[in-house]
Amino acid sequence: MTAHLPHLGSGLGYRRELADGIAASGNAVDWLEVITEHYLFAPPDSRQALRELRRGHPLVPHGLELSLGSPRPPDPHYVAALAELVGEIDAPWFSDHLCFTRSEDISVGTLTPLPRSRAVARDVARRAQQVQDEVGVPLILENITYHIDLPNPLSEAQFIAEVMEHCTCGLLLDLTNLDINSRNHHYDVADFLDTIPLERVVQVHLAGGTQDPDGTARDTHSAPVPERVWTLLAELSARTDIKATLLERDQDFPEDFAEITAEIDRARDTVGPRFAPPVRRAEPGAAAPAAGRGRGAR
């Protein structure tokens, strides 16, 4: 399934505001995650900028609009363009979310949680498997945050496990989302990790968020990674072979890029010797293209 995938190391979500820091940081950033929709149907100059970015770092596309939980199968034109993009940048895998973002032809504008039943989980797994087969490299699926949790037959972890039971896709375990959901919905992180198939985790997301006055945690990608999430990364790394970590920062960017690289270094050090930095294909200081819009993933 995913055991053969390469160890990419400790990476960063590519954002235009971070381009200069990435270019000047040498080998500090092992790989980059790019937002799929920023490039999928982009004009030639944006695709050229993406190819230039690829010369310096391995790239993985991270999608927002595959909408595996919608009643209709994913748009075949979207999937064909996705396969072309993955091939063009030689991505070892691609990712999207366990959610729905579209109803018929209308975008709902957010990553929306799914009803957690075995039937829905199996439908999502079937669609995910179809997309993975068409694209030709592993699809890894990410857990999302949610602020309203209606009664469901399955817990979040049971739902994820059921999806994994019926497809060969991997998991993108967002540890910040896990921390936020466990705090907002009062469940045990240890039970969650014991329930999901940890051997299917390929990549993790790390980010910092905010907290409302009423105590509600928010996934804003606007702050340093909290200690709770670093602890989760250490625990997870001791239990399974993580192929890649990814730091997300979408707003309130620090003036000193060294604050970003310090977190990338900490993630690499936490996972350990499997994350030996890869050989770069471009000289440090080569200009990183300012491609891509500001909207980030969750």
Side-chain angles (χ1 to χ4, degrees), residues 1-2 13-14 32-51 53-54 59-117 119-146 159-160 162-164 166-172 174 177 202-203 205 248 250 291-298:
M1 298 181 193
T2 57
Y14 181 78
L32 297 170
E33 185 183 79
V34 296
I35 301 302
T36 301
E37 288 76 16
H38 290 179
Y39 302 98
L40 205 59
F41 300 105
D45 58 338
S46 292
R47 291 292 278 261
Q48 178 59 33
L50 185 65
R51 289 190 290 271
L53 196 63
R54 175 64 182 89
L59 301 181
V60 171
H62 181 57
L64 302 169
E65 295 290 348
L66 191 55
S67 197
L68 292 168
S70 294
R72 289 184 179 179
D75 180 353
H77 299 293
Y78 180 103
V79 176
L82 176 57
E84 180 182 350
L85 177 68
V86 166
E88 184 175 325
I89 62 175
D90 193 26
W93 62 79
F94 65 106
S95 60
D96 211 297
H97 302 79
L98 280 170
C99 70
F100 76 92
T101 58
R102 304 191 68 81
S103 177
E104 299 296 329
D105 295 323
I106 300 172
S107 173
V108 299
T110 190
L111 305 177
T112 306
L114 298 169
R116 297 195 302 264
S117 69
V120 170
R122 292 174 185 182
D123 283 343
V124 169
R126 176 175 48 81
R127 295 188 191 104
Q129 187 69 53
Q130 290 172 345
V131 171
Q132 177 177 269
D133 291 346
E134 290 183 40
V135 174
V137 301
L139 165 60
I140 62 173
L141 302 172
E142 181 181 2
N143 55 308
I144 67 167
T145 57
Y146 50 93
F159 181 80
I160 292 171
E162 186 71 16
V163 172
M164 291 293 103
H166 295 280
C167 67
T168 63
C169 301
L171 280 173
L172 194 177
D174 190 313
N177 289 354
V202 173
Q203 178 190 328
H205 273 173
E248 296 182 293
D250 293 338
R293 299 188 295 274
R295 181 187 176 194
R298 285 292 179 263

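Predicted, not measured: the structure shown is a model, and the values here were computed from it. FYI, side chains are in, hydrogens and waters are out, and symmetry mates aren't considered; it's all heavy atoms of this structure.
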Could you tell me the separation between the OG atom of Ser70 and the CD atom of Glu65, rounded to the nearest 0.5 Å? 9.0 Å
Would Leu111 and Thr101 satisfy side chain to side chain contact (heavy atoms under 4.5 Å, CB included), going step by step from the backbone distance to the final call? CA-CA 6 Å; Leu111 305 177; Thr101 58; 3.6 Å; yes
Partner set under salt bridge (Lys or Arg N to Asp or Glu O under 4.0 Å) for Arg127, not counting sequence neighbours: none
Below 3.5 Å, can you tabulate the donor-acceptor pairs from side chains in residues 75-86 to any protein atom, sequence neighbours excluded?
{"unit_1": "Asp75", "atom_1": "OD1", "unit_2": "His77", "atom_2": "N", "d": "2.9"}
{"unit_1": "Tyr78", "atom_1": "OH", "unit_2": "Glu37", "atom_2": "OE2", "d": "2.5"}

Would you mind reporting whether Val135 and Phe94 have side-chain heavy atoms less than 4.5 Å apart? yes
Tell me every residue that passes side chain to side chain contact (heavy atoms under 4.5 Å, CB included) with Pro73, counting only those two or more places apart in sequence or in another chain. none
Pairing residues for Tyr146 by the ring pair (Phe, Tyr, Trp, His ring centres under 6.0 Å) criterion, not counting sequence neighbours: His185
Please check: side-chain N/O of Asp174 versus main-chain N/O of Asn143, any donor-acceptor pairing under 3.5 Å? no
To the closest 0.5 Å, what do you measure between CG (Leu139) and OG1 (Thr2)? 11.5 Å
Contacts of Glu88 meeting salt bridge (Lys or Arg N to Asp or Glu O under 4.0 Å) (sequence neighbours excluded), chain-then-number -> Arg47, Arg51
What residues form a side chain to side chain contact (heavy atoms under 4.5 Å, CB included) with Ala121, not counting sequence neighbours? Phe159, Glu162, Val163
Nearest 0.5 Å, what's the CG-OH distance between Leu53 and Tyr39? 6.0 Å
Distance, nearest 0.5 Å, that separates CG of Asp90 from CZ of Arg54: 5.5 Å
Indicate yes or no: at least one non-hydrogen side-chain atom of Thr36 is less than 4.5 angstrom from one of Leu64. no
Side-chain contact test, heavy atoms from C-beta onward, threshold under 4.5 Å: evaluate it for Leu68 versus Pro74 and give yes or no. yes
Gln129 side-chain N/O to His166 backbone N/O, donor-acceptor pair under 3.5 Å: no
The criterion is side-chain hydrogen bond (donor to acceptor under 3.5 Å, both in side chains); which residues satisfy it with Thr112, sequence neighbours excluded? none
Taking all non-hydrogen atoms of both residues into account, name the closest pair between Leu141 and Cys169 and its distance. CD1-CB, 4.3 Å
Smallest separation among heavy atoms of Phe100 and Leu114, with atom names: CD2-CD2, 3.6 Å
Side chain to side chain contact (heavy atoms under 4.5 Å, CB included) partners for Pro71, two or more places apart: none
Heavy-atom closest pair (Gln132 atom, Val137 atom, distance to 0.1 Å) is CG-O, 3.5 Å
So, do Val131 and Glu134 sit near enough that their side-chain heavy atoms are less than 4.5 Å apart? no
Applying side-chain hydrogen bond (donor to acceptor under 3.5 Å, both in side chains) to Ser95 and not counting sequence neighbours gives His62
State which residues pass salt bridge (Lys or Arg N to Asp or Glu O under 4.0 Å) with Arg72; sequence neighbours excluded, sorted by chain then number. Glu104, Asp105
Could you tell me the separation between the OG atom of Ser46 and the CG atom of Leu40, rounded to the nearest 0.5 Å? 12.0 Å
Nearest 0.5 Å, what's the CD1-CG distance between Ile144 and Asn177? 8.0 Å
If you define the side chain from C-beta out and look only at heavy atoms, does anything of Pro61 sit under 4.5 Å from Ile89? yes
